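All of these numbers come straight from a predicted model, not from anything done at the bench.
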Amino acid sequence: MELLGRIRTERHEMPEALRKVADAILADPGEAARLTIVDLAERSGTSTATITRFCRAMGFGGYAELRVAVATETGRVKQQTWQTDIGQEILPGDSLEKVLGVVSGNDIRLIQETGDQLDLAVVAKVAQAVAGAGRVLLFGVSSSAAVASEMEYRLQRMRVPTWSRSDAHSALTDAALLGQGDVAIGISHSGRTREVIEVLAEAGSHGAITVAVTSHPRSPLAEVAELVLTTASRETTFRADGFAAIHSQLLVLDVVYVSVAQRTYERTRQAFDVTVRAVEGHRLPEDGLPKGPEGDI
């Protein structure tokens, strides 16, 4: 995952002092890359020792390496003009052209960041488990519930026995009936939604394979899951982190879905053929006009 994306994702889990450093860098990465360690400490209201701890937390041996990484990434961003509006505030009087630029640029960047940091080895394990599962349970609340419902539809169309739930009591009941060979997938941007954590823990206690889809790999949800698929999120005006994470959640589960289809190719192809024929009579002719007794109407 790119550095700024990692900082943005992991800052919520950092101690307060490290979070101040993260905020100072994210506020103006280009400027931060030009600061000395003393300057950055002053800018963030911390100490040079805290800056050093931050560097180590990000996987760098020292501040010089961090500066180079930030400078390299910000330089790359400047070469891509569509990224210049990312994170920009949308004001009530802004034109729709600006709204479109900010929203589309943010979503494009979000999907790229999610793809860059996605662990494909974990994706393969999840897809293998789902392809052979006796039952698959998907659970999320609020905006994550819509993502769970979309994945339910896709897997059911491939003849994978799948249920999605948005009610905690129903989800807990279903989770209690899972067992060896079943899969439970919990979706939560923050990884701190109590109901999702409880459902995944319940499913795991009965032997089901548990999967977390979250933007925070060290969150409580990730801790109770056997497999973790991470997403990215970028907050803009009117789109809080949880809502902004929908596109990255869909991307991650879409990759899982296609990987499941690859593993069940013949079964999936036959299922698609059957379902296409089942709804074919409800499609309009190619010209879009129904035919009447006297021709087009």
Side-chain angles (χ1 to χ4, degrees), residues 1-2 4-6 8-13 82-83 85-90 96 99-120 122-123 126-127 130 136-157 162-168 171 183-197 199-200 211-217 219-222 225 227-260:
M1 188 177 187
E2 293 184 353
L4 297 179
R6 276 190 59 210
R8 189 176 293 105
T9 297
E10 297 181 14
R11 65 172 295 280
H12 302 281
E13 309 297 327
W82 58 264
Q83 292 179 337
D85 283 340
I86 290 175
Q88 192 173 17
E89 288 293 307
I90 299 174
L96 282 177
V99 171
L100 174 61
V102 172
V103 172
S104 61
N106 183 77
D107 288 345
I108 291 169
R109 183 64 172 166
L110 176 64
I111 289 173
Q112 283 191 330
E113 287 183 356
T114 300
D116 289 343
Q117 54 82 48
L118 188 59
D119 190 332
L120 296 182
V122 176
V123 170
V126 174
V130 170
V136 176
L137 171 65
L138 292 137
F139 180 57
V141 300
S142 189
S143 58
S144 295
V147 176
S149 179
E150 173 65 20
M151 188 63 170
E152 174 193 33
Y153 168 74
R154 295 187 185 196
L155 292 178
Q156 284 182 343
R157 197 175 174 194
T162 309
W163 292 263
S164 73
R165 296 287 185 255
S166 58
D167 173 73
V183 178
I185 302 176
I187 307 169
S188 169
H189 158 66
S190 68
R192 294 183 175 276
T193 305
R194 185 184 301 275
E195 296 91 336
V196 182
I197 297 169
V199 167
L200 226 59
V211 182
V213 180
T214 179
S215 297
H216 301 282
S219 63
L221 179 64
L227 299 170
V228 180
L229 296 171
T230 54
T231 57
S233 179
R234 280 177 171 265
E235 184 174 308
T236 58
T237 311
F238 310 125
R239 301 175 81 198
D241 269 355
F243 185 69
I246 290 177
H247 295 293
S248 58
Q249 291 170 346
L250 286 170
L251 172 66
V252 168
L253 291 177
D254 200 21
V255 176
V256 172
Y257 158 76
V258 173
S259 187
V260 173

Looking at every non-hydrogen atom in both residues, tell me the closest pair between [X] and [Y] and how far apart they are.
X	Y	answer
L137	A171	CD2-O, 3.7 Å
W163	E152	CA-OE2, 3.6 Å
H189	Q249	N-NE2, 3.7 Å
P217	A222	O-CB, 3.3 Å
L250	E150	CD2-CG, 4.1 Å
S248	A232	OG-O, 2.7 Å

- Query: Between E13 and S219, do the side chains contain an N or O donor and an N or O acceptor separated by less than 3.5 Å?
  - Reply: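 Absent: no donor and acceptor within the cut-off.
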- Item | T214 and S188 side chains, donor-acceptor separation under 3.5 Å |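 On atom types as modelled, these side chains do not qualify, holding no pair under 3.5 Å.
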With rounding to the nearest 0.5 angstrom, report the [atom1] to [atom2] distance, [X] to [Y].
X	Y	atom1	atom2	result
T231	H247	OG1	NE2	12.5 Å
I197	F139	CD1	CZ	11.0 Å
L110	S215	CG	OG	8.0 Å
R109	S104	CZ	OG	14.0 Å

- Under 3.5 Å donor-acceptor, S190 side chain and R192 backbone: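 The answer is yes, because a donor-acceptor pair under 3.5 Å joins these two groups.
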- Query: Between the side chain of Q156 and the main-chain N/O of T162, is any donor-acceptor distance below 3.5 Å?
  - Reply: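 Looks like yes, one N/O pair under 3.5 Å.
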pair [X]-[Y]: side-chain heavy atoms closer than 4.5 Å:
X	Y	result
L118	L120	yes
V183	V211	yes
H216	H12	yes
S166	V141	no
R157	R154	no

- Start with the C-alpha gap between R8 and E113, add the side-chain angles, then the distance that decides, and say whether salt bridge (charged side-chain N to carboxylate O under 4.0 Å, His left out) holds. CA-CA 11 Å; R8 189 176 293 105; E113 287 183 356; 3.7 Å; yes
- Message: Test side chain to side chain contact (heavy atoms under 4.5 Å, CB included) on L229 and D119; report intermediate values, then the result.
- Response: CA-CA 7 Å; L229 296 171; D119 190 332; over 6 Å; no
- Message: As a quick check of understanding, evaluate side chain to side chain contact (heavy atoms under 4.5 Å, CB included) for M151 and I185, giving each step before the final call.
- Response: CA-CA 10 Å; M151 188 63 170; I185 302 176; 5.6 Å; no
- Message: Under the side chain to side chain contact (heavy atoms under 4.5 Å, CB included) test against V213, which residue among V147, V256, I187 passes?
- Response: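 Testing each of V147, V256, I187 against V213, the sole residue satisfying side chain to side chain contact (heavy atoms under 4.5 Å, CB included) is I187.
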- Option passing side chain to side chain contact (heavy atoms under 4.5 Å, CB included) with T114 (candidates V255, L251, T230):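 With T114 as partner, V255, L251, T230 yield a single side chain to side chain contact (heavy atoms under 4.5 Å, CB included), made by L251.
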